[in-house]
Trainee: 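This is the structure I want to talk about, given as structure tokens.
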2 protein chains.
Amino acid sequence: MARAGLTTERLIRAGAELADEVGFDQVTISALARRFGVKVASLYSHLKSSQDLRTGIALFALEELADRVADALAGRAGRDALAAFAAAYRDYAREHPGRYAAARLRLDPETAAASAGVRHAQMTRAILRGYDLAEPDQTHAVRMLGSVFHGYVSLEMSGGFSHTAVDPEESWSWIVDSLDALLRNRATP
Amino acid sequence: MARAGLTTERLIRAGAELADEVGFDQVTISALARRFGVKVASLYSHLKSSQDLRTGIALFALEELADRVADALAGRAGRDALAAFAAAYRDYAREHPGRYAAARLRLDPETAAASAGVRHAQMTRAILRGYDLAEPDQTHAVRMLGSVFHGYVSLEMSGGFSHTAVDPEESWSWIVDSLDALLRNRATP
DNA sequence: GCGATTTGCCTAAAACTATTAGGCAAATCC
DNA sequence: GGATTTGCCTAATAGTTTTAGGCAAATCGC
């Protein structure tokens, strides 16, 4: 019988695509096997478990998103960097809703520490360098930015903003501008 | 055989408790049946489907959370109301992580329109009455507040803030204060 | 090029979840 | 008390997860 040429990498990549198509929590070993035209049990040579697949997709998405954000931030500072960061984040979620959801999967501490999540934190801190915030304010600000961006994207994705006539695009700019002003006001004298 | 006295209400309530104990996505018709000591099929007299159960828990959680927020807001205005709103939101998520997750379930538009989600939107707007914001700024602000609070709670729950030594409590106050200042600055002259 | 070994995908099987159909006894209504 | 409704049951089907063991294809050593 001809072999399908599966690898852990390919499976995780395909899992990420599947997540974008049908939603992250619909990603199943069975569906993945179907997609490759192989039997379910075959995937267990490459994946330890269903949870292992999900974690793999999460790590992949974190990497990919970190790469995008890094690109977006290159050569920018201050308000410009803030806007670019926000845009990269939001665009990724819109292009790849399943991967975005995966990136939000709760990882156990060791896995998280070895993930691209660390880069995300570093980059958020890098943005704040343009705003002269001393600790612990800088940490507070990191948490606030993470919260706003994640919260906004998450609410937008779940259809929370579809009732009103106000353009979400406009709200997004308003929020980014507001945050910029807020951070400038908080600058350590 | 003695009857267990199941009703849709009791099942949803128990489902909410189960969600808090084992996580919202571990809530299953089977687990619920086990908890009541009845056979799985018996629950189908009260619930249309697994999805129906999940939706029921979500609606229940939205109600409960809206009640709490309403209580917290009673008699308060401005910064005081903002802080109370934030606290009610966060406390609920900590006390009832499963229900909180349920409240974030994506509902189809008709269900959402008939849910307590509407009250949530109204109450958020009520808070902003203390800040003199004209439309569309008010809508932008509603979205921002929703984003920050949901985002913060969601990141905190998923362990995102456990790396640094900075007290999450302090960050929370800092953020609430910052938002208050931001909204005051945005007030329409 | 060929034998030995590794590796990849397979079949088989057990366990759990979701869902539907139909039955019998308990509760409820005159 | 008899008729009807209702609640929980058994039975059966289908899908997903996971483990165990097998056979053939790929790969390695010579």
Side-chain angles (χ1 to χ4, degrees), chain A residues 1-61 98-99 101-102 105-108 111, chain B residues 1-61 98-99 101-102 105-108 111:
Chain A
M1 241 168 258
R3 296 193 181 186
L6 305 182
T7 65
T8 305
E9 243 97 310
R10 281 190 69 199
L11 287 174
I12 285 175
R13 228 193 162 77
E17 283 160 24
L18 188 59
D20 287 337
E21 289 165 28
V22 303
F24 182 55
D25 29 66
Q26 309 302 318
V27 172
T28 170
I29 300 231
S30 302
L32 206 50
R34 238 173 275 134
R35 170 166 293 221
F36 279 98
V38 301
K39 296 294 169 177
V40 182
S42 304
L43 300 203
Y44 283 83
S45 307
H46 308 282
L47 303 168
K48 273 201 286 295
S49 67
S50 186
Q51 189 49 44
D52 191 49
L53 168 63
R54 269 183 254 279
T55 302
I57 297 174
L59 294 175
F60 171 78
R99 299 182 201 194
L105 181 70
R106 182 175 198 147
L107 302 171
D108 55 294
T111 312
Chain B
M1 239 167 258
R3 295 192 178 184
L6 305 181
T7 65
T8 306
E9 244 97 308
R10 282 190 67 198
L11 288 173
I12 286 175
R13 223 188 168 80
E17 283 160 24
L18 188 58
D20 287 336
E21 289 165 27
V22 303
F24 182 56
D25 29 67
Q26 309 302 318
V27 172
T28 170
I29 299 232
S30 302
L32 206 50
R34 236 173 278 132
R35 170 165 295 221
F36 279 98
V38 301
K39 297 293 169 177
V40 182
S42 304
L43 301 202
Y44 282 84
S45 306
H46 308 280
L47 302 168
K48 274 203 286 295
S49 68
S50 184
Q51 187 50 44
D52 192 49
L53 169 62
R54 268 182 258 278
T55 303
I57 297 174
L59 294 175
F60 172 77
R99 301 182 200 195
L105 181 70
R106 182 177 198 144
L107 302 171
D108 56 294
T111 310

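Naming convention: chains lettered A, B, ... in sequence-line order (proteins, then strands); numbering from 1 in each chain.
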Trainee: Would you indicate which nucleotide in D:dT17, D:dC8, D:dT10 comes nearest to any side-chain atom of A:Thr28?
Mentor: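 Taking heavy atoms from C-beta onward, the closest nucleotide is D:dT17.
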Trainee: Could you check whether any side-chain heavy atom of A:His46 comes within less than 4.5 Å of a side-chain heavy atom of A:Glu9, counting everything from C-beta outward?
Mentor: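 When only atoms from C-beta onward are counted, A:Glu9 and A:His46 do not touch, as no gap falls below 4.5 Å.
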Trainee: Rounded to whole Å, how long is the line connecting atom CG of A:Leu47 with atom P of D:dT19?
Mentor: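 Spelled out: CG on A:Leu47 to P on D:dT19 is 12 Å.
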Trainee: Taking the side chain of A:Val40 as its heavy atoms from C-beta onward, which of C:dT19, D:dT18, D:dT16 lies nearest to it?
Mentor: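 Nearest nucleotide to the side chain: D:dT18.
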Trainee: Atom CG of B:Leu43 and atom P of C:dT20: how far apart are they, to the nearest Å?
Mentor: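 Result: 13 Å.
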Trainee: How close do A:Ala31 and A:Leu18 get, counting heavy atoms only, and between which atoms?
Mentor: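 Minimum heavy-atom separation between A:Ala31 and A:Leu18: CB-CD2, 3.8 Å.
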Trainee: If you only use heavy atoms from C-beta on, which nucleotide in C:dC9, D:dT16, C:dT17 is closest to the side chain of A:Ser30?
Mentor: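 Between C:dC9, D:dT16, C:dT17, the one nearest the side chain of A:Ser30 would be D:dT16.
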Trainee: Ignoring the backbone of B:Ser42, work out which of C:dT11, C:dA18, D:dC8 is nearest its side chain.
Mentor: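 Given the options C:dT11, C:dA18, D:dC8, the side chain of B:Ser42 is closest to D:dC8.
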Trainee: For A:Ile29 and C:dC16, what is the distance between atoms CD1 and C1' respectively, to the nearest whole Å?
Mentor: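 In whole Å, C:dC16 C1' and A:Ile29 CD1 are 15 Å from each other.
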Trainee: To the nearest 0.5 Å, tell me how far A:Leu32 CG sits from A:Ser50 OG.
Mentor: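 If I round to the nearest 0.5 Å, the distance is 10.0 Å.
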Trainee: Should B:Ser50 be listed as having a side-chain N or O under 4.0 Å from OP1 or OP2 of C:dA18?
Mentor: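 Answer is yes, contact under 4.0 Å.
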Trainee: To the nearest Å, how far apart are A:Asp25 CG and D:dT16 P?
Mentor: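 Whole-Å distance recorded here is 14 Å.
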Trainee: Step by step, work out the side chain to side chain contact (heavy atoms under 4.5 Å, CB included) result for A:Thr111 and A:Leu59.
Mentor: CA-CA 9 Å; A:Thr111 312; A:Leu59 294 175; 4.1 Å; yes
Trainee: Could you tell me how far apart B:Arg34 (CZ) and C:dA15 (P) are, to the nearest whole angstrom?
Mentor: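 Result: 15 Å.
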Trainee: Could you state the OH-C1' distance from B:Tyr44 to D:dG7, rounded to the nearest angstrom?
Mentor: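 After rounding, the gap between these two atoms is 16 Å.
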Trainee: Could you give the CZ-to-P distance, from A:Arg35 to C:dC9, as a whole number of Å?
Mentor: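 These atoms are roughly 17 Å apart.
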Trainee: Please tell me which of the listed nucleotides, C:dC9, D:dT10, D:dT17, lies nearest to the side chain of B:Ala41?
Mentor: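 The answer is D:dT10.
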Trainee: Expressed in angstrom and rounded to an integer, what is the separation of A:Asp52 atom CG from D:dT18 atom P?
Mentor: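 That distance rounds to 10 Å.
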Trainee: Which listed nucleotide (D:dC8, D:dT17, C:dT19) is nearest to the side chain of B:Ser49?
Mentor: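 For B:Ser49, the side-chain atoms sit closest to C:dT19.
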Trainee: With side chains defined as the heavy atoms from C-beta onward, is the minimum distance between B:Phe24 and B:Arg54 less than 4.5 Å?
Mentor: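 In contact.
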Trainee: Just to confirm, is there a sub-4.0 Å distance from OP1 or OP2 of C:dC9 to any side-chain nitrogen or oxygen of A:His46?
Mentor: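 Checking C:dC9 against A:His46, a side-chain N or O does come within under 4.0 Å of OP1 or OP2.
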